[in-house]
Amino acid sequence: MLQLQVLRENKDAVCQALKKRNFDAESILDTVLELDEKRRSIQAKLDNALAESNKLSKEIGMLYKSGKAEEANLLKAKTAELKESSKQLSEDLNEAAEALQQNLYQIPNVPHQSVPAGNSDEDNEEIFREGDVPKLNEGALPHWELAKKYGLIDFELGAKITGAGFPIYKGKGARLQRALISYFLDKNTDAGYFEVQPPLMINEASGYGTGQLPDKEGQMYHVQEDDLYLIPTSEVPITNMHRGDLLAEKDFPIAYTGYTPCFRREAGSYGAHVRGLNRLHQFDKVELVRIEHPDASYKALDGMVEHVKDILRDLKLPYRILRLCGGDLGFTAALTFDFEVFSTAQDRWLEISSVSNFETFQANRLKLRFKDKNGKSQLAHTLNGSSLALPRVLAGILENYQTEDGIKIPEVLKPYCGFDIID
RNA sequence: GGAGGAAUGGCAGAGUGGUCGAAUGCGGCAGUCUUGAAAACUGUUGAGGGUCACACCUCCGGGGGUUCGAAUCCCUCUUCCUCCGCCA
């Protein structure tokens, strides 16, 4: 959620910047500023009424004390009128404030200046590429074939007990997945991230805090009986740990890592690109979350990008980094770098990590602030990134490491796996 | 599931109808002392709205009510704690 003050002072600049997202903000910004104006004018009237009535109350108290009950009763009659009008004003105020809030929720984050304009993923800007694409033998298979051939993942069995998109990992497949989780967590904690295991369900307030609600209501599984949502990413519970906090500057940087399953309804997905591990309803992910001083957040973002690079170098997977264009940028992000691994057997790039700076967009909803040097409270910056999303890393490993003898295990994972080939 | 107790500023913790946005301690900030630091001492320090700046308004878990007036009384919801029961 954008800050009202920013909108008041920089309406045109905001409007201009949102065009990169193909979001025409002109009319909604006008509405917001109008409602803001309205809210403030009602507030002023209400404040005056309340001030008057506070004053009278004090006088009445004094009069009673000095035994002048009759005069006190005269004043009481006056307060009754004020009460009536302030009640009405208070209702009007709530109405205006609510309308203002609802409109603010509709406006996406302002893209960082470096974000290129564009409509879709085709306009994303490749900024880095590294790693050799292996030359595979004739008849190399996509991962879903490999998973079947070596008995690593059973999609049909998962479909039987739950539905499509809920696979069962088996044997060495399950072990490799567990190895990856352990390796990622070790790598992250070594880099200074503090490990947490958050809840897998969140309440409504948390959903609003990080921006999944009301924007992506339909993307989350909702448990109606208890009004809880299954997390689409651990970004939600982890970032919300600091909802409402007023931090000190010395608390920065705050850095977490956590492993959780993630649940996404993925309504509307279909086709060959959702085959196998490419798109699931339940998948595992190790996440990074940072809370930073505004002056340090972009440096921190670069640090996260370097960290993820380091992991992919370890795994020796060919990858590239994209700077997302305005049209592909998430609702809450100011700047996002996507990491994609090249899947040789599928001959396509698979997104395996997304690293973003949300600046104050989430913090404003979360009321996540800190005291600056002058003793003023201001909003912190929040960031997050995947390190990494498991299924597509698994797909990338299976496909890129396949040989005629079987699937080799990347060197760094061998200690975690306890075997060095799947055959 | 049953019975009790509790929720106050960054933290701890007083406050049971009016001058309480709220004692005190810790923490933070500024200063004195010191070569420097620590300690000690002095001052200062809740958040949000509003204003050019003041004024002023709101906030003592959330919502509602009583009253001229509520942190304080009543209702309700939520959360936490203690005891009992059940349980991976």
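Naming: A, B, ... by sequence-line order, numbering from 1 per chain.
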Asker: A:H242 NE2 to B:rG10 C1': how many Å, rounded?
Answerer: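 Whole-Å distance recorded here is 14 Å.
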Asker: What interatomic distance, in whole Å, is found between C1' of B:rA3 and the corresponding atom of B:rG85?
Answerer: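 It comes out at 11 Å once rounded to the nearest Å.
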Asker: What pairs with A:N22 under side chain to side chain donor-acceptor pair (under 3.5 Å), at least two apart in sequence or on another chain?
Answerer: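 For A:N22, the residues satisfying side chain to side chain donor-acceptor pair (under 3.5 Å) (neighbours in sequence not counted) are A:N119.
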Asker: For B:rC57, take OP1 and OP2 only and decide whether either is under 4.0 Å from a side-chain N or O of A:N54.
Answerer: yes
Asker: When rounded to the nearest Å, what value does the distance between P atoms of B:rC41 and B:rG25 take?
Answerer: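 Going atom to atom, P in each nucleotide, I get 11 Å.
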Asker: Cut-off 3.5 Å, no hydrogens considered: what does the side-chain donor-acceptor table look like for residues 246-254 of chain A, sequence neighbours left out?
Answerer:
from: A:E249; atom 1: OE2; to: A:H293; atom 2: NE2; distance (Å): 3.3
from: A:D251; atom 1: OD2; to: A:A248; atom 2: N; distance (Å): 2.8

Asker: Indicate for each nucleotide in nucleotides 26-31 of chain B, in 5' to 3' sequence, whether protein heavy atoms under 4.0 Å reach the base (B), only the sugar-phosphate (S), or nothing (-).
Answerer: ------
Asker: Between A:E98 and A:Q102, is any side-chain donor less than 3.5 angstrom from a side-chain acceptor?
Answerer: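 Yes.
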Asker: Please set out all donor-acceptor pairs under 3.5 angstrom arising from side-chain atoms of residues 407-423 of chain A, sequence neighbours excluded.
Answerer:
from: A:E411; atom 1: OE1; to: A:K414; atom 2: NZ; distance (Å): 3.1
from: A:Y416; atom 1: OH; to: A:D186; atom 2: OD2; distance (Å): 2.6

Asker: Set out, line by line, the N/O atom pairs under 3.5 Å between protein and nucleotides 62-68 of chain B.
Answerer:
from: B:rC68; atom 1: O2'; to: A:S57; atom 2: OG; distance (Å): 3.1

Asker: Starting from P on B:rC56, measure out to CD1 on A:I42 and report it in whole angstrom.
Answerer: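 Distance check: A:I42 CD1 to B:rC56 P gives 23 Å.
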Asker: Please report the distance, rounded to the nearest Å, between NZ in A:K55 and P in B:rG69.
Answerer: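 To the nearest whole Å, that distance equals 17 Å.
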Asker: Have A:Q378 and A:D372 got a donor and an acceptor in their side chains that come within less than 3.5 Å?
Answerer: yes
Asker: Expressed as a whole number of Å, how far does the P atom of B:rG50 sit from that of B:rC54?
Answerer: 13 Å
Asker: Are any side-chain N or O atoms of A:T79 and backbone N or O atoms of A:K76, one a donor and one an acceptor, separated by less than 3.5 Å?
Answerer: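 Side chain of A:T79 to backbone of A:K76, a donor-acceptor pair under 3.5 Å: yes, one is there.
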Asker: Sub-3.5 Å donor-acceptor pair from the side chain of A:R21 to the main-chain atoms of A:G330, do we have one?
Answerer: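 Indeed, once roles are kept as given, a pair shorter than 3.5 Å links the two residues.
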Asker: For residues 380-394 of chain A, which residue pairs pass the salt bridge (Lys or Arg N to Asp or Glu O under 4.0 Å) check, not counting sequence neighbours?
Answerer: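 Those involving residues 380-394 of chain A do not exist here.
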Asker: With P as the reference atom in both, quote the distance from B:rG21 to B:rA71 in angstrom, rounded to an integer.
Answerer: 8 Å
Asker: For atom P, what is the distance between B:rA22 and B:rG9, given to the nearest Å?
Answerer: 14 Å
Asker: Do the ring centers of A:H222 and A:F263 come within less than 6.0 Å of each other?
Answerer: no
Asker: Specify the separation, in whole Å, of atom NZ of A:K371 and atom P of B:rG46.
Answerer: 7 Å
Asker: Given the P atoms of B:rU72 and B:rA6, what is the spacing between them in whole Å?
Answerer: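 Here B:rU72 and B:rA6 have their P atoms 14 Å from each other.
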Asker: Rounded to whole Å, please give me the gap between CG in A:L246 and P in B:rU45.
Answerer: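 Roughly 17 Å, once rounded to whole Å.
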Asker: What nucleic acid atoms does A:L50 come within less than 4.0 Å of, heavy atoms only: base, sugar-phosphate, or nothing?
Answerer: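 Here A:L50 touches the backbone only, sparing every base.
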Asker: Kindly say if A:R369 contacts the phosphate of B:rG10, meaning a side-chain N or O under 4.0 Å from OP1 or OP2.
Answerer: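 The answer is no; no side-chain N or O of A:R369 sits under 4.0 Å from OP1 or OP2.
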Asker: Nearest whole angstrom, please: distance from the P of B:rC59 to the CG of A:L46.
Answerer: 10 Å
Asker: For A:S377 and for A:M62, find the nucleotide of RNA chain B with the closest heavy atom, then tell me which residue's nucleotide is more 5'.
Answerer: A:M62
Asker: Want to know the stems of RNA chain B: at least 3 consecutive Watson-Crick or G-U pairs with distances under 3.5 Å, which are they?
Answerer: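 Ordered by first number, the stems with RNA chain B (at least 3 consecutive pairs each) read B:1-7 with B:78-84, B:10-12 with B:24-26, B:27-32 with B:40-45, B:46-49 with B:56-59, B:61-65 with B:73-77.
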Asker: Rounded off to whole Å, could you give me the CD-to-P distance for the A:E52 and B:rC56 pair?
Answerer: 13 Å
Asker: Test: salt bridge (Lys or Arg N to Asp or Glu O under 4.0 Å). Region: residues 28-52 of chain A. Which pairs qualify, not counting sequence neighbours?
Answerer: A:R8-A:D36, A:K11-A:D30, A:D36-A:R39, A:D36-A:R40, A:E37-A:R40
Asker: When the P atoms of B:rU8 and B:rA14 are considered, how many whole Å apart are they?
Answerer: 11 Å
Asker: Can you pull every protein N or O that's under 3.5 Å from an N or O on nucleotides 50-52 of chain B?
Answerer:
from: B:rG50; atom 1: OP1; to: A:R8; atom 2: NH2; distance (Å): 3.0
from: B:rU51; atom 1: OP1; to: A:R40; atom 2: NH1; distance (Å): 3.4

Asker: With P as the reference atom in both, quote the distance from B:rG64 to B:rU19 in angstrom, rounded to an integer.
Answerer: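 After rounding to an integer number of Å, I get 23 Å for this pair.
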Asker: Run A:T233 and A:K285 through side chain to side chain contact (heavy atoms under 4.5 Å, CB included) and show every step you take.
Answerer: CA-CA 8 Å; A:T233 160; A:K285 185 155 63 73; 2.8 Å; yes
Asker: For residues 152-168 of chain A, pull every pair meeting side-chain hydrogen bond (donor to acceptor under 3.5 Å, both in side chains), keeping only residues two or more places apart or in separate chains.
Answerer: A:D154-A:K170
Asker: May I ask you to decide if the ring planes of A:F166 and A:Y221 are parallel, tilted or perpendicular, using 30° and 60° as cut-offs?
Answerer: tilted
Asker: Name all pairs fulfilling the salt bridge (Lys or Arg N to Asp or Glu O under 4.0 Å) condition that reach into residues 301-317 of chain A, sequence neighbours left out, sorted by first residue then second.
Answerer: A:E130-A:R313, A:K187-A:D310, A:K187-A:D314, A:E306-A:K309
Asker: Provide the full list of ring pair (Phe, Tyr, Trp, His ring centres under 6.0 Å) pairs with a residue in residues 68-116 of chain A, sequence neighbours left out, each pair given once.
Answerer: A:Y105-A:Y208, A:H112-A:Y298
Asker: Rounded to whole angstroms, how far apart are CG on A:D372 and C1' on B:rG10?
Answerer: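 Rounding to the nearest Å, CG of A:D372 and C1' of B:rG10 are 15 Å apart.
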